[in-house]
Each structure stands twice: as structure tokens, then as C-alpha cells.
Amino acid sequence: MTLQADPPSSPAIGADLERLDGALKVTGTAPYAYEQPVEDPVFLQVVQSTIARGRITAVDTAEAEALPGVLLVLTHENARRVASTDDLEFAVLQEPDVAYRGQVVGAVVAEDAETARQAAALVRLTYDEQPHRVILDATSTHPDSPDLYKPAAVNPSFETDTEQGDVEAGLAGAATWVDVRLSTAWLNNNPLEPHTTVARSHGGALTVHDSTQGVHTVKGTLATVLGLPGEQVRVLSPYVGGGFGSKGNPHPHEVVVCLAALALPGRWVKYAATRQQMFAFTGYRTPTVQRVRLGADADGHLVAVSHDAVSQTATVKEFAEQTAVVSRLMYGSPNIRTTHRLAVIDVPIPSWMRAPGECPGMFGLEVAMDELAVAAGLDPVELRVRNDPPVDPETGKPWGQRHLVECLREGAERFGWAGRDPRPRQRLVDGWWVGTGVASSVYPAMSMPGNEARITALDDGCLEVGIGAADIGTGAWTALSQIAADALGVGVERIRLRIGDSDLPNASVAGGSSGTSSWGAAIVGAAGAFRVQHGARPAPGASTTAGMLDVPGADDVAQYSFGAQFAEVRVHADTGEVRVPRLLGVFSVGRIVNPRTARSQFLGAMTMGMSMALHEQSVVDPRFGHVVNHDLAEYHITANADVVDLQAHWLDERDAHRNPMGTRGIGEIGIVGTAAAVVNAAHHATGVRVRDLPVTADKFL
Ligand code: MOS
């Protein structure tokens, strides 16, 4: 076989390739975790707490155990002790305490899934129930509330509070100012594929088929929690049906399935979360309450930006949404202040959901910017252009690439923004108020350290490229093959990619829009080392494992992607029904590896943003503490009929700062700002300013 000395004249990166896993997906033959063929499986069902706070005082498993086919009933009274309780989310079945309703407090394993489910309902638990608080409301968010505190840092490790200059002085001297209180709803991740885990212990080692965004993360967690050496745990996850962050870290079910597998050595234990269970213990987006104050001088230049955010966390474990972080860098101002506070209440543990922090935070900031534009009599595109900072306001570093203004200008052009009447409530068409709105998007360009890839020459002239990466529906199978092809100087058809196995070289999580950037850099690094080591004619069996190369000067610039989102909204004059006939985004994200899968990422995220704007809201019953609309019949999401004219465009660019491919990451930016664009358009249509999501019909009546 021969590797070309130079990349082929038409590089694979940038090619509009169909998904390499597309045929498997559409024929239903891609083996997801639960579909991995395993011999003689048994089935697990979890027992969930029926109170939101208290203690289990008595356990009666007699009836469950007596049911024919039941093999094992686990509670805190008989479960194996975990080796580490550093992360209490994973200290499952260790203590009788109950911290939220729906918590995993037991498990049953049976010969079939139906028996397991029936037996789970027969586990009798007696509780000492304590009073609980589960709603992020005026009581829990009041500055004097005993629930409220300042976390040491916000996700993942940002400063909690910042202040540059003096925002009070800036506001006092402002020609125009707004002081806006907004809220976003509790949202649950709803990947189509539920969370599933299939595990077997064999000679002390664990093999785990898991629906996860990161096999190495799960492996590490399970090894630590169960006290097993890392080499005794193997996690496989070649195909994943979505995660949106909820599969970015393990959750209690992975631990409980492995506790059961260790108690039943040799047997494959299978578990698939029900949709309802996914609303209880697999993570969710915290609701937020935000106060945004903006002041501008007579020319529309910001003189003060103040963003205070409150979100909720659980008593089991802290998760601090970094809601206000975006306001530190989005626009230039001599005075910028941000704060984060957490209300610790008796709820499940919040976690990552597509663009945690940026998504709810940019809702607050971008609605406030629209209100400021209205107050100042400035076009909202122009207000944003006027406040585009030449360097990162937070660090003073130059931008790697900041093309927000280009996105706004190109978006305005494509959307037909010119000539827009700035006055609200001017266009009534066939009984519908019609308006348009805009919002900016931002997302950091991240790369995770420690990624490695292995390149091996095969007998048939193909090259195997192995890395424990995850394709959660993003297109990673295809994009990584394209990156590998160019790095090795061969066509994509000669690349045999292997991902989703912790026996492959180390890969970071598919999160923070960092996957392609991090794994791709490792593949490029390994390909370079392979070519040096084995030359242009590698013998079959030649193999090299190597990692990412540093990009010189990467830390000297502020690395972010930007975008502009434009929405047209119609609100029915009589019923308040809200429609979004047009949504258009233009994004600056570095080089695009595959326009087909990239467009799919943008359109999917924008749809999810529209869904956040119009539909999604987990409704919690304060009496019992659980999400009552915990299924897809009642938890409404934007679906095909809601999406009409949806367009995603991007600037033609390369980023020299992040990785050797020139990419930045595209998975999350598309959801950032979408909800604000919809709200701003709804205000332009009706004159009604909705500050609390979702934008439902009642808000216009
Ligand atoms: Mo994403 S919420 O970083 O998996």
C-alpha cells in the first residue's frame, strides 16, 4: 500500500459525504447498547423513592423475592458497599436517606423485564417523610432565603462572581437603561434512545454496553465507585441515539446495573430507563431566574452590563449552571458585573443540557439587549454591532476569530432585515400579528487534553483508526473518517474507523462541542507519527499510537464561535397561538468538516432552541416533588409541524488557533440565542414582552 506524500488534491475535509453509519441507522441494524447481542440475559428494574425528602425506615422485599423468576432484590440493606463516596450521585443504595422523589432506592433483577417491573412494584418501603421544597420560586430565590448560597465556582470551573469597573456608577450615568427580570424553565433532555446499560461481571472484570457520550468517563467512574482496577472495566458504546449532555456523565443507573451484575456473576444484566425515569435521575437543565441590567450612553455604547443569575441544585451533589458567564465577554463595556447563586432544594441533580450556561444565559442577555434597543430607539442589529469589542473584555486577550458582526450582517441580508419598521405591533396579516427579531449566539471553542489515537495498517490496504470517541448522532463516524483520510493522505474509503470502546486509546467526552476538535487533533497527531515511523509504504500490522499536538499560542487568544439568529414570529390576535414561520442562523465556527452533518447539527440545535422558546417545560408538583408531565405526550417539544422555513448558514473560514484541522466545534452554538430571537420577534409582533419561558399562548391574552 502507498500513502501519498501530500494530501490528495481534493481533501476529504469539506466533502458533503453521506453518513457512513446512515444505512445501519435507517435499517435499524446499528447495535445500540440495549441491542448488543448477549447470551441468556436477565433484566433489571429500579425501585424509586415515592417521597422527596426523608429516610427509609423499613424494607420488606418478601413479596418481590417470592415472585417466580426474580433473581435478586437490592436495597441499601444488602447492596455491595461502594469503594468511593466522593461523588454522592454514584453512592447508590448505600444509605437509607432520600434526597429527591424518584431517586433510585432499590433494584430488582428477574428472568424477564415484565417480572422485574412487577417485582419492583412489590418492594415495600416505609419512610420517615420530611418536609421538602422543590420549586425555584420567590421563596427559594429571595436573597435572605436559607436555601440560597454562593457556589465556589460555576460549571465547569468558572469564577462565580466577577466585577470590572463599577456597574452602579455606569448605570447611574447611562442615557438609556433597562432592568429586566427573566426566567427559563426546568427542561429535561429527551434523547430518542433512552439511557441503557447492559453489564456482565466475569472473573472479577466488568463488560458494560452503555448508552453514553464517553466510554472512558464511564469506565473511570465505575472503576472508582466499584473499587475495580481500570483494566478490569470495559465500556462499549459504538452507537448512541442522542444525549444532549444527559449522557455526558454517568448517572445512578450505570452503578446499580453494575452492582447487580457483580452480585450475579456470569449473567448479562440489561436495563433500559423508561421515559418517565429519565425525568427523575438522568440529569436536566436547571430553571433559572435572571436579572439583567444594561445601560448605554447617548450613542448606544454600553456603559454597564450586570447579570445576576439564580439556578437550583440538589442536596445530593452540587451542579452550578454558569448562566451569567456569557455576559463577561459578549459585548464591550467599561463596567461588567456577573453573579451566580444557587438554591439548594429537594430536587434531582441538574446537569448538562445542550449549551448549559450559554443557552439560558444568552436568553437573558439577548432579550435585555432587545429591550435596550427599543428603549434607545436603535436597530437591534446595529446595537450589537456598535458594542462589538475589539478584544475579549474579560481577559483583554485578542480574539482568535470574532466574526459576530459578519454573522449579523450576512444574516440581516439573507433574512431581509433591511427596512424593518422598528415599532412593535404594526403588521396584522389575516388575523396574525407578525414580527421579526434577532439575537446573537456564542459558544466557547474547547479542546480537551489527553486524547490519543491508534493507526494500524491492515492486510487489505486499509488503515484502521481507533479512538474511544462517541458518535451520539452528530456525525462523528463520518467526520473523523474524513479527518483521518486527509491526515493519512488516502481516500475515506481506505479508513476503517473504530470508536466507542474503552479498550481503544483515550478519548474525552462528546461534550462542550469539543469532540471533533479534540479527537480529530489526536487523529492528526497519530497520523503524523505513523507516517514518520512507517513511511509511505507501511507494512500490514504497522501501528502507531500517539496523541494531540499542541497548537502554539492557543492560550494567547480568546477562542469562541459566534452566530446570529433571526426569527419571524406570528401571534394570533384572538387566541395567542404562536408560530415561527422562519428561523435563520448564520454561524462563525471555523472550518466545516462535513457540510451535510454540520447543517444537521445547526438545524437540530435551532429546532431545540425553538422548542425551548415555545414548548418545553418540566412541570413539578410541589406536593410530591416530581415532574408530572414526564412523557412525550405531555412534555411538549417542537416537532415537524412546528418547523417551516429553517435555514442555517456559515461563514467560510478556518481557525488557526484551536487544532490542526482549523475547526472550532458546532454541536451547541445553534441552540444559543434562538429562544431570545423568538421572544424578541414576538415582542415586535405584538408589543407584549414575554420574559418567562416558554412563550405560550396565555402570555399574550
Ligand atoms: Mo453537551 S450539554 O456539552 O453534552
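Computed from heavy atoms alone, side chains included, the values below leave out hydrogens, waters and symmetry copies. Numbering of ligands and ligand atoms starts at 1, following listing order.
Ranking the protein heavy atoms by distance from atom 3 (O) of ligand 1 puts Gly512 N, 2.5 Å first. For atom 4 (O) of ligand 1, the closest non-hydrogen atom on the protein side is Gln213 NE2, 2.9 Å.
Annotation: cation-pi pair Lys270/Tyr34 present, NZ/CZ under 6.0 Å from the ring centroid and within 45° of its normal.
In terms of polar-atom proximity, defined here as any N/O pair under 3.5 Å, Ala355 makes no such contact with ligand 1. Checked by distance only, ligand 1 and Arg354 stay at 3.5 Å or farther apart across all their nitrogen or oxygen atoms. In terms of polar-atom proximity, Glu668 is counted as a contact of ligand 1, with an N or O under 3.5 Å from an N or O of the ligand.
Looking at Asn506 and Glu452, their side chains never bring a donor and an acceptor atom within 3.5 Å of each other. Checking His615 against Gln617 by side-chain atom types alone, no donor-acceptor pair falls below 3.5 Å.
Residue Gly248 places every heavy atom at 4.0 Å or more from ligand 1. The closest approach between Ala510 and ligand 1 falls below 4.0 Å for a heavy atom of the residue.
No salt bridge links Asp308 with Arg291; every basic N to acidic carboxylate O contact stays at or beyond 4.0 Å.
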Give every donor-acceptor pair under 3.5 Å between a side-chain atom in residues 597-607 and any protein atom, sequence neighbours left out.
residue : atom : partner : partner atom : Å
Thr597  : OG1  : Asn594  : O            : 3.3
Thr607  : OG1  : Leu603  : O            : 2.7

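Atoms of ligand 1 found under 4.0 Å from any heavy atom of Pro356 (numbered from 1 in listed order, with element): 2 (S).
Put simply, the side chain of Val465 does not reach to within 4.5 Å of the side chain of Leu480, judged on heavy atoms.
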